[in-house]
Amino acid sequence: MRVQATTESPYALPDVDTIVVGIFEGERAAHDFGSGTLQSLLDRGEAKPALGHLAVAHADSRRVILVGLGDRERFDAERARGAAGIAHGRARELGAKCLCWELPHHVDETVAAGIVEGTLLHARRFDRYKDRSGEPDDAADRGPELERLLISAHHDVSEAVRTATIICMAQNRARDLGDTPANDLPPQALASYAQKLAQRLDGLTVTVIDEDQIREAGMGAFAAVAQGSVQGARLIRLDYEGAPADTPRL
């Protein structure tokens, strides 16, 4: 999924097929369209500002998901993650390909990051072992995969969005590794993955200790676990030395 920040209005972006607008308790819908379509949903009770409540409207060829954000004073990055995950699930059911969140007014960049994190973490699927040759699975009910996420704000939140995207990509990759069964990812294969990763990333070094070295170092607990497998144990050490904080970003 491609993730970007923009200062353009969601309604002005030609590729966006689904827009998410958040509403706080006691507030009106910002940047409404038509003759007050979103506010009309709120007034009728079809949409509610309660945290996580969803309603859907249509603006020409686009869908607009109105999601409740609850009390503004209590709204933070964690609640933004939850709301984003709920909104992503509905967008996927609706067949969204390009989703644009309109960042609520007067929130800090941690909320923008939370929206990115909630969307990417909710979008992650581990279906490597799903048999697609037989009966159809539940993919049709879930809808297609989201291809693009945009965060629209009045100010530049690109750095927060970029950082959150990198963190979530790493989290989801770690989840994939953790979900892979040991017979498909034995110790040597995981060590090789770490070594290849170090070759691509500046500042990352990897030290791999094999089973003989583990025993020589007196790590009896690690060695004992390995006795139950034909696969030799590996102890993987990662060291990261990043650039100084004052290094200019290219």
Side-chain angles (χ1 to χ4, degrees), residues 1-33 38 47 49-56 59 62-92 94 96-124 145-175 242 245 249-250:
M1 185 191 306
R2 291 181 297 154
V3 184
Q4 296 172 284
T6 180
T7 54
E8 295 286 331
S9 166
Y11 302 99
L13 298 170
D15 296 333
V16 171
D17 56 58
T18 306
I19 299 168
V20 181
V21 177
I23 184 70
F24 289 108
E25 293 175 356
E27 298 186 14
R28 297 181 66 83
H31 300 164
D32 211 336
F33 61 90
L38 300 182
L51 184 64
H53 189 278
L54 298 175
V56 179
R62 293 175 169 146
R63 297 169 289 259
V64 180
I65 299 174
L66 194 60
V67 57
L69 303 181
D71 183 356
R72 178 183 280 276
E73 296 300 320
R74 299 179 61 192
F75 193 72
D76 56 10
E78 183 58 35
R79 290 194 167 207
R81 292 185 195 99
I86 292 169
H88 170 263
R90 187 70 180 109
R92 183 169 180 170
L94 294 170
K97 290 289 190 178
C98 183
L99 178 69
C100 183
W101 256 89
E102 184 178 66
L103 191 68
H105 293 173
H106 312 301
V107 298
D108 59 34
E109 293 186 354
T110 63
V111 170
I115 290 172
V116 173
E117 292 162 0
T119 304
L120 293 183
L121 294 176
H122 189 270
R124 180 255 180 184
E145 299 290 345
L146 191 65
E147 296 176 356
R148 192 177 178 200
L149 172 67
L150 295 168
I151 307 298
S152 170
H154 287 299
H155 59 292
D156 183 13
V157 294
S158 57
E159 183 62 20
V161 167
R162 187 188 75 87
T163 301
T165 302
I166 293 172
I167 291 172
C168 281
M169 289 174 62
Q171 285 179 309
N172 284 338
R173 184 62 183 130
R175 293 164 75 189
R249 194 180 296 276
L250 299 179

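Heavy-atom basis, side chains included; hydrogens, waters and symmetry copies ignored.
Using a 4.5 Å cut-off on side-chain heavy atoms (C-beta onward), Ile23 and Leu38 make no contact. Leu103 places a side-chain heavy atom less than 4.5 Å from the side chain of His155. In this structure, the side chains of Arg124 and Gln171 stay at 4.5 Å or more apart for every pair of heavy atoms.
Between Leu66 and Ala47, the shortest heavy-atom contact is CD2-CB, 3.4 Å. Of all heavy-atom pairs spanning Arg72 and His106, the tightest one is NH1-O, 3.5 Å. The two residues Glu109 and Asp156 have their closest heavy-atom pair at OE2-O, 3.5 Å. Across all their heavy atoms, Pro104 and Val107 have their closest contact at O-CG2, 3.2 Å. Closest non-hydrogen pair, Ser158 versus Ala5, comes out as CA-CB, 3.6 Å. Taking each heavy atom of Leu146 and Cys98 in turn, the nearest pair found is CD1-N, 4.0 Å.
Just one residue in the list Thr18, Val67, Ile65 forms a side-chain contact (heavy atoms from CB on, under 4.5 Å) with Trp101, and that residue is Val67. A side-chain contact (heavy atoms from CB on, under 4.5 Å) with Glu102 is found for exactly one of Ile151, Val64, Val21, namely Val21.
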Between side-chain atoms of residues 110-123 and protein atoms elsewhere (two or more places apart, or another chain), which donor-acceptor pairs fall under 3.5 Å?
| residue | atom | partner | partner atom | Å |
| --- | --- | --- | --- | --- |
| Thr110 | OG1 | Asp108 | OD1 | 2.3 |
| Glu117 | OE1 | Arg81 | NE | 2.5 |
| Glu117 | OE1 | Arg81 | NH2 | 3.1 |
| Thr119 | OG1 | Ile115 | O | 2.8 |
| His122 | ND1 | His88 | ND1 | 2.8 |

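Of the possible polar contacts, none joining the Arg62 side chain to the Ile19 backbone as a donor-acceptor pair under 3.5 Å is found.
Between the CZ atom of Arg173 and the SG atom of Cys168 there is a distance of 15.5 Å, given to the nearest 0.5 Å. To the nearest 0.5 angstrom, Gln4 atom CD is 13.5 Å from Arg162 atom CZ. In this structure, CZ on Phe24 lies 12.5 Å from CZ on Arg74, to the nearest 0.5 angstrom. A distance of 12.5 Å separates CZ in Arg90 from CG in Leu99, rounded to the nearest 0.5 Å.
Residue pairs satisfying the salt bridge (Lys or Arg N to Asp or Glu O under 4.0 Å) criterion with at least one member in residues 2-25, sequence neighbours excluded, are listed as follows: Asp15-Arg148, Asp17-Arg63.
Classified by interplanar angle (parallel below 30°, tilted 30° to 60°, perpendicular above 60°), the ring pair His105/His31 is perpendicular.
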